[in-house]
Amino acid sequence: MPELPEVETVRRGLAPAMIGARFESIDQRRPDLRFPFPADFAARLTGRRIEALGRRAKYLLADLDDGQVLVMHLGMSGSFRIEAREGATLLGTYYYDTSKDPAHDHVVFDLSSGARIVYNDPRRFGFMQIIARAEIAEHALFKNVGLEPLGNELDGEVLARLFAGKTAPLKAALLDQTLVAGLGNIYVCEALHRAGLSPRRAAGTLARKDGRATDRAHVLARVIREVLEEALAAGGSTLRDHRLTDGTLGYFQHTFRVYDREGEACRRDGCGGRVKRIVQSGRASFYCGACQR
DNA sequence: CTTACACCCTGCTCGC
DNA sequence: TGCGAGCAGGGTGTAA
């Protein structure tokens, strides 16, 4: 499910209910998701105050008042919903999504804010860890994570430097979280279409022989930011059962130009091509063979 | 070092 | 209507 815009949307949805609140009780309903929960997971969180809720790549990071960080990843099908605890009143409107199968409610956080935050994940590709703040940067989960595409670092020159010499296709290079972090299958397809670049083009062709960026690299860097920012403004993309924490739906999926549009008309003005679907490193790539080179 | 692929798990859609 | 095949937004480990 969630790529950077969806995870960031979830972060913004959870923040008002979590920041400043304490974990009063945790109901951990299984020993593992993708990985086992840390030992004494519930006990280590109970009583802790959440000081901040951040995001790095596709990870959510809740800073706790004892120097630890609760790290949460949604995998493919993870979602959070917010309910009011019994007898509690929450500011704002919260939504109970009855379409969620409670069999897949794996973790329930009851917070002093009056919020009950429920983690639901049918495929269980998500996971949670607790890591000391001081060890985050060197932790195996984070030490190889690449740059944030919405940060100040990403531009054509940086992209060209990252991709220089690579024979892997652009599609694979952009999905590689150790280079640029947070892109997934949807937004890679969409960014490549906007840039007019084929997902099959070798990543190294975005650098000139002297290592400087080509015009293509500048364009790609610009449209990566553009597509992520537009998706964020739309509350992310809602496919299948993904919802925002308040139960409403993101609507960016209505503006996909190529993703999941095999056989349909290219949406570039005056192009007239059709969207093709190919498989690259086991993942579907959607692109227009006419205007993406 | 690179790139490619299987795999983790459940649910949904499609074709027969 | 039932049933198997294939596919899904992610990431890791292994092999070549």
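These numbers come from the heavy atoms of this one structure, side chains and all, not from hydrogens, waters or symmetry mates. Below, chain A is the first sequence line, B the second, and so on; all start at residue 1.
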Rounded to the nearest angstrom, tell me the gap between atom CZ in A/Phe127 and atom P in B/dC9. 16 Å
Nearest to the side chain of A/His104, which nucleotide is it out of B/dC8, C/dG9, B/dG11? B/dG11
Surrounding CZ of A/Arg200 (heavy atoms of other residues, nucleotides or ligands, distance under 6.0 Å), is the total greater than 12? no
How are the rings of A/Phe256 and A/Phe252 set to each other: parallel, tilted or perpendicular (split at 30° and 60°)? perpendicular
Does A/Arg201 use its side chain to pair, donor to acceptor, with the backbone of A/Ala203 at less than 3.5 Å? no
Measure from the ring centre of A/Phe125 to the centre of the six-membered ring in the base of C/dG10, then say whether that distance is under 5.5 Å and the planes meet at under 30°. yes
Rounded to the nearest 0.5 angstrom, the CG-CZ distance for A/Asp110 and A/Arg85 is 4.0 Å
Please state whether the base of B/dC9 and the side chain of A/Arg124 form at least one donor-acceptor pair under 3.5 Å? no
Expressed as a whole number of Å, how far does the P atom of C/dG9 sit from that of B/dC14? 16 Å
What integer distance in Å separates A/Phe35:CZ from B/dC7:P? 17 Å
Distance check needed: C/dA8 C1' versus A/Arg283 CZ, whole Å only. 9 Å
Between CG of A/Leu141 and C1' of C/dG10 the distance, given in whole Å, is 13 Å
Please state how far atom CD1 in A/Ile186 lies from atom P in C/dA8, giving the value in whole angstrom units. 11 Å
Give me the distance, rounded to whole Å, that separates B/dC7 from C/dA5 when you measure between the P atoms they each carry. 15 Å
Check the distance between C/dA8's C1' and A/Leu74's CG and give it to me in whole angstrom. 16 Å
Closest of C/dT12, C/dA8, C/dG9 to the A/Arg123 side chain is C/dA8
Under-4.0 Å salt bridge between A/Arg81 and A/Asp105: yes
Any A/Tyr259 side-chain nitrogen or oxygen under 4.0 Å from OP1 or OP2 of C/dG9: yes
Any residue of residues 161-183 of chain A with a heavy atom less than 4.0 Å from an atom of DNA chain B: A/Lys166, A/Thr167, A/Ala168
Return whichever of A/Arg277 or A/Ala140 has its heavy-atom-nearest nucleotide of DNA chain C closer to the 5' end. A/Arg277
How long is the gap from SG on A/Cys189 to CZ on A/Arg257, to the nearest 0.5 Å? 13.5 Å
Let's go through A/Tyr187 and A/Glu6 carefully: what are the C-alpha distance in whole Å and the side-chain angles of both, what is the deciding distance for side chain to side chain donor-acceptor pair (under 3.5 Å) to 0.1 Å, and is it a yes or a no? CA-CA 11 Å; A/Tyr187 297 109; A/Glu6 290 74 36; 2.6 Å; yes
If we check side chain to side chain contact (heavy atoms under 4.5 Å, CB included) with A/Phe163, which of these qualifies: A/Asp176, A/Thr205, A/Leu174? A/Leu174
Side-chain N or O of A/His73 less than 4.0 angstrom from OP1 or OP2 on C/dG10? no
Under 3.5 Å for both pairing distances: what stems, at least three Watson-Crick or G-U pairs long, include DNA chain B? B:2-8 with C:10-16, B:10-16 with C:2-8
Separation of atom CG in A/Asn120 from atom P in B/dC9, rounded to whole Å: 17 Å
Angle class for the A/Tyr59/A/Phe127 ring planes (parallel below 30°, perpendicular above 60°, tilted otherwise)? perpendicular
Using a strict cut-off of less than 4.0 Å between a Lys/Arg side-chain nitrogen and an Asp/Glu carboxylate oxygen, indicate whether A/Lys58 and A/Glu3 qualify as a salt bridge. no
Using a heavy-atom cut-off of 4.0 Å across all strands, would you classify A/Gly184 as base, sugar-phosphate, or nothing? sugar-phosphate
Rounding to an integer number of Å, can you tell me how far A/Asp121 CG sits from C/dG11 P? 13 Å
